[in-house]
Amino acid sequence: MKFEVTILGSSSATPIFNRNPTAQILNINEKLYLVDCAEGTQQQMLRFDIKANRIDHIFISHLHGDHYLGLVGLLSSMHLNGRKKTLKVFCPPPLKEIVDLQLKYSETTLNYPVEFIFTDATSRGVILENQDIFVETIPLNHRIPCTGFLFRQKKRLRKLIKEKIEELQIPIPYYTAIKKGNDYEAPDGSIYKNSVLTIEPQEPKSYAYVSDTLYNENYLPQINAVTLLYHEATFLNDMLDRANQTHHTTALQAGEVAVKVNAGKLIIGHFSARYKTLNELLDEAQSVFPNTELAVEGKTFVISE
């Protein structure tokens, strides 16, 4: 099952130096999920050939402008482009009022339903479940209510051993039961154990999106052993006091989080506009967690294939 994330924006409060504020696209089994929607997100989607009509779920971490100011424009474009199917927006409760007010004064009635599902920044919880994934909120410590999001694959059915299935000429109607772990009884009464007909599926993979937060360890157990971790790294550690004042994390701290949760890989992003180049931030995170990469705009990180 395809499971990958494409970076659309990696800057923090302001767009600068060819970096846009935060937005990401997850492709999970050819379904697209948008995580945060800063100004400029539509342009980035056009730039990287992301089709807006394929997005049915949007997740907004919190109500600082660099994480949601592109949303109303995106909703309006979907309207103008003839969207009819329901769009689900997972967000802090006040966002609905913000969207409704802007639509009211522009005298716009969307041609499609928008369903708002409100997040609770004080506790973790599953906010979405479908045939592919679970999505949980990650309570964070920012200056206003803020959540991250944990995307976890569901465990897949066992994989058929094609050669064995063909050798025994097992009829197709038996495939689902065998994938679920059942043995196969042939017409002559012979019993073939499931273990000789199938192999274990790939272990479920996970992606944690840790948006703006003061460094703390409250959320670490929830993201333990995550396959791919995105963690904000707004400042270098020589600006730790500034990070603490603004409830942000340094690149060094992001690397320490990755070590403590035994992450498979770390992506750092949400870079302060003060940094024209990002090598120092990368070096700092890699000093404690070598398997770190930058959230470079347009880059796609494969979590599972």
Side-chain angles (χ1 to χ4, degrees), residues 8-9 12-15 20-26 28 31-45 50-130 133-151 208-213 219 230 232 247 270:
L8 300 182
S12 56
T14 59
N20 280 14
T22 302
Q24 302 182 357
I25 284 283
L26 276 96
I28 303 175
K31 299 181 179 70
L32 299 188
Y33 303 77
L34 177 62
V35 183
D36 278 338
C37 187
E39 60 178 309
T41 295
Q42 288 190 81
Q43 288 288 348
Q44 293 294 80
M45 289 169 61
I50 305 295
K51 308 299 185 187
N53 63 359
R54 294 181 57 197
I55 298 171
D56 293 331
H57 303 83
I58 298 176
F59 300 85
I60 302 296
S61 61
H62 65 295
L63 295 183
H64 280 154
D66 56 320
H67 292 261
Y68 84 92
L69 284 180
L71 180 62
V72 171
L74 179 59
L75 298 182
S76 297
S77 292
M78 289 176 168
H79 164 76
L80 293 171
N81 289 328
R83 184 185 181 99
K84 298 298 182 185
K85 58 182 177 176
T86 298
L87 179 70
K88 294 187 178 183
V89 180
F90 301 81
C91 61
L95 185 58
K96 183 179 187 303
E97 179 184 356
I98 294 170
V99 171
D100 286 346
L101 188 66
Q102 294 191 59
L103 294 176
K104 174 182 176 180
Y105 285 104
S106 67
E107 299 186 10
T108 300
T109 301
L110 299 178
N111 292 325
Y112 60 93
V114 177
E115 180 181 349
F116 290 89
I117 298 93
F118 298 139
T119 53
D120 179 357
T122 65
S123 63
R124 60 184 285 186
V126 175
I127 55 173
L128 175 65
E129 177 184 353
N130 57 31
I133 56 167
F134 298 97
V135 184
E136 299 176 16
T137 51
I138 306 171
L140 300 174
N141 184 348
H142 195 39
R143 292 190 295 112
I144 63 173
C146 181
T147 64
F149 301 102
L150 176 61
F151 297 80
Y209 172 81
V210 178
S211 179
D212 302 21
T213 187
Y219 58 90
Y230 169 89
E232 74 122 301
H247 283 234
H270 199 264

Write down the atom of A208, the atom of I138, and the distance for their closest heavy-atom approach. CB-CD1, 4.4 Å
Hey, are the side chains of L8 and I25 touching, using non-hydrogen atoms and a 4.5 Å cut-off? yes
Of all heavy-atom pairs between A23 and T41, which one has the smallest distance, and what is that distance? CB-OG1, 3.4 Å
Nearest atoms (heavy-atom pairs only) where P21 meets D66: CB-O, 3.5 Å
dist I55:CD1 -> K31:NZ (nearest 0.5 Å) comes out at 14.5 Å
Taking atom types as modelled, find out whether T137 and T147 have a side-chain donor-acceptor pair closer than 3.5 angstrom. no
Measure the spacing between CD of Q102 and CD of E97 and express it to the nearest 0.5 Å. 11.0 Å
Any chance the rings of F59 and Y68 have centres within less than 6.0 Å? no
Who passes salt bridge (charged side-chain N to carboxylate O under 4.0 Å, His left out) against K51, sequence neighbours left out? D49
Got more than 12 heavy atoms from elsewhere within 6.0 Å of CD, Q43? no
NE2 on H64 to NE2 on H247, rounded to 0.5 Å: 10.5 Å
Between D36 and S61, a side-chain donor and acceptor under 3.5 Å: yes
Assign the ring pair Y209 / Y230 to parallel, tilted or perpendicular, where the plane angle (0 to 90°) is split at 30° and 60°. parallel
Who pairs with H57 by ring pair (Phe, Tyr, Trp, His ring centres under 6.0 Å), at least two apart in sequence or on another chain? Y33
Distance col, row I58:CD1 vs L87:CG, nearest 0.5 angstrom, shows 4.5 Å
Within the supplied structure, the quantity of interest is the number of heavy atoms (other residues, nucleotides, ligands) at a distance under 6.0 Å from K85 NZ; does it exceed 12? yes
Is it the case that the side chain of E232 and the backbone of T213 share a donor-acceptor pair, with hydrogens and angles ignored and the cut-off at 3.5 Å? yes
Reported CG-to-SG distance for the pair L75 and C37, which is rounded to 0.5 angstrom: 7.5 Å
Regarding Q42 and S77, do their side chains bring together a donor and an acceptor under 3.5 Å, going by distance alone? yes
Run the side chain to side chain contact (heavy atoms under 4.5 Å, CB included) test on V135 and L150 for me, step by step, so that the C-alpha distance in whole Å, both residues' side-chain angles and the decisive distance to 0.1 Å come before the verdict. CA-CA 6 Å; V135 184; L150 176 61; over 6 Å; no
Out of curiosity, I117 CD1 to K96 NZ, how far, rounded to the nearest 0.5 Å? 12.0 Å
Assess the side chains of D212 and H67: does a donor N or O sit below 3.5 Å from an acceptor N or O? yes
